[in-house]
Amino acid sequence: MKLSRPVSWFLLAFGVWSWFIWVTFVKNLSNDASGLAFDDAGDPTAYFWVHLLLAITSFVLGTVVGVIGLRGVRALRRERG
């Protein structure tokens, strides 16, 4: 299957964007002082674990999508060059 240039760049950008957003989210989650992520004893709550799992899943999916986009961009450059 051959990806077009716009699709390849979109997938690559989506992968980078996903990492940027979710790294920021995990930093904010780990520094949460509202009581949602950590209880009064400082132990992680169910909210923390669910959102950490969402972030890890998004890291994996963002990486896969980004790698597909990167491979598409590289293939187009090899084809052209």
Side-chain angles (χ1 to χ4, degrees):
M1 180 173 158
K2 183 177 174 183
L3 298 174
S4 68
R5 177 172 278 104
V7 170
S8 296
W9 280 108
F10 174 79
L11 294 175
L12 180 58
F14 181 86
V16 170
W17 175 255
S18 180
W19 268 86
F20 174 75
I21 290 299
W22 285 99
V23 165
T24 303
F25 181 81
V26 169
K27 284 181 184 178
N28 292 338
L29 182 65
S30 66
N31 295 328
D32 179 58
S34 70
L36 287 173
F38 299 97
D39 61 16
D40 293 335
D43 296 325
T45 62
Y47 176 90
F48 174 85
W49 292 115
V50 167
H51 285 82
L52 184 61
L53 181 61
L54 286 171
I56 291 169
T57 303
S58 294
F59 287 141
V60 171
L61 293 175
T63 300
V64 169
V65 168
V67 167
I68 292 169
L70 181 62
R71 290 178 68 187
V73 168
R74 285 183 176 171
L76 289 167
R77 287 187 178 173
R78 277 192 303 265
E79 183 180 286
R80 205 172 37 149

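This is a predicted model, so every value here is computed, not measured.
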Minimum heavy-atom distance between [X] and [Y], given as atom pair plus value:
X: Ser18; Y: Ser58; result: OG-O, 3.3 Å
X: Leu3; Y: Gly72; result: CD1-CA, 4.4 Å
X: Ala55; Y: Val26; result: CB-CG2, 3.5 Å

Joint cluster assignment, [X] & [Y], ILVMFWY side-chain distance < 4.5 Å:
X: Val67; Y: Val23; result: no
X: Val7; Y: Phe14; result: yes
X: Ile21; Y: Trp19; result: yes
X: Phe10; Y: Trp17; result: no

Exercise for the section: Measure up the Phe25 and Trp22 rings against each other and bin them: parallel (under 30°), tilted (30 to 60°), perpendicular (over 60°). Expected result: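 Perpendicular.
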Problem - For Leu11, the option from Val64, Val65, Leu70, Val16 that meets side chain to side chain contact (heavy atoms under 4.5 Å, CB included) - result: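 Only one option passes, and that is Val65.
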Expected list for residues 73-81: side-chain donor-acceptor pairs under 3.5 angstrom, two or more places apart:
unit_1	atom_1	unit_2	atom_2	d
Glu79	OE1	Lys2	NZ	3.2
Glu79	OE2	Lys2	NZ	3.0

List, one per line, each side-chain donor-acceptor pair under 3.5 Å for residues 41-54, sequence neighbours excluded.
unit_1	atom_1	unit_2	atom_2	d
Thr45	OG1	Leu36	O	2.4
Thr45	OG1	Ala37	O	3.2
Thr45	OG1	Tyr47	N	3.4
Thr45	OG1	Phe48	N	3.4
His51	ND1	Tyr47	O	2.8

Practice task
Quick one: pull up OG in Ser4 and CH2 in Trp9 and give me the separation to the nearest 0.5 Å.
Solution key: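 Here the interatomic distance stands at 12.5 Å.
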Exercise for the section: Kindly check if the number of other-residue, nucleotide or ligand heavy atoms within 6.0 Å of CZ (Phe59) is above 12? Expected result: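 Yes, the 6.0 Å shell around CZ holds more than 12 heavy atoms from other groups.
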